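Beneath this line is the structure, given in structure tokens, with notes to follow.
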Amino acid sequence: MTPEGMERAARILAGAHRVVVSSGAGMSKESGIPTFRDAMDGLWANYDPQQLATEAGFRADPRRVWTWYAWRRERIAQASPNPGHHALVRLQDIVPRLTVVTQNIDGLHARAGSADVVELHGSIHRVKCLDRGHPFDGPLPPYADDQDPQPCPICDSPLRPDVVWFGEMLPKQATERAWSLAERCDAMLLIGTSGTVWPAAELPLVARRHGARVIEVNPEPSELTHAADVFLQGPSGEVLPALVEAVARARSAGASPR
Ligand code: APR
């Protein structure tokens, strides 16, 4: 991350009216929540996504999948938003419009105070039933090893996490809103995603096609770095607070949305 890159990114954001953040699992890494594809400790390095993040995997072994998500829900409940999440909350008070579109299901953006969050892949904190999608807002048992999912009180089919599994459609309303925001934004801040999962990976390309500037924050280049106007290499928990500070300085020095 060079000072020139940081200044350039700050100027882009300080001059933007409508900013969209597109975040992935890297955003929550510094909250102690593993990503999916980081070589050593990514979730998919230790677990089989086909068994744990597909409907077929759930139907084959509901207890295993339900328990795995209960374990993740417990870990997430013990985690806290990190300085990167808090920096985005500060940024929403600096730029005129900011929406966070996230692939993350952990709810940390909202817990930090981000006011406008679109969850493309659902939420681990929400539960619905497998066959009819009936939302379930009753109490969930605390995590225990080898738990069976409860039956839906309406149709008796097993409860499942309200997250998007591989091969499933993204929630219609969230998707429509995310693409509409990407088409109309002046700047997209792309944070902590490998850019390997579609259609979420298309968002920065949509923004760029419609004239937005794209700023990427990631310790490593991703599949989307080619589409970034500025690549700020580093962990989001460090880069974002410095970037937002630079935006605040640029705004107080007179930079304003064009
Ligand atoms: N700060 C920012 N980014 C980081 C950090 C960090 N501290 N640490 C790692 N990263 C980056 C990695 O370099 C990688 O580019 O975060 C990215 C994580 O990539 P993935 O694990 O593939 O996560 P993501 O892109 O969110 O996955 C997309 O895949 O399994 C599905 O539904 C799941 O939403 C998920 C989707």
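Counting begins at 1 with the first residue of the sequence. Just follow the structure's listing: the first ligand is 1, and inside any ligand the first atom is 1. Remember, predicted model here, so these are calculated numbers, not experimental data.
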Inset, instruction - Would you kindly check if the NZ (Lys) or CZ (Arg) of R59 is within the cone defined by 45 degrees around the ring axis of W66 and under 6.0 Å from the six-membered ring centre? - result: no

Legend entry - Residue shell around ligand 1, heavy atom under 4.0 angstrom: G24, A25, G26, K29, E30, T35, F36, R37, D38, W44, Q103, H121, F166, G192, T193, S194, V197, N218, P219, E220, P235, S236

Legend entry - Carboxylate-amine/guanidinium contact R8 E4, below 4.0 Å: no

Legend entry - Test side-chain hydrogen bond (donor to acceptor under 3.5 Å, both in side chains) applied to W179 - qualifying residues, sequence neighbours left out: E202

Inset, instruction - Evaluate the side-chain proximity of V20 to R184: yes if any heavy-atom separation is below 4.5 Å, no if none is. - result: no

Solution key, residues 42-51 side-chain donor-acceptor pairs under 3.5 Å, sequence neighbours excluded:
{"unit_1": "N46", "atom_1": "ND2", "unit_2": "G42", "atom_2": "O", "d": "3.3"}
{"unit_1": "D48", "atom_1": "OD1", "unit_2": "Q50", "atom_2": "N", "d": "2.8"}

Legend entry - ring pair (Phe, Tyr, Trp, His ring centres under 6.0 Å) contacts touching residues 80-124 (sequence neighbours left out): H85-H109

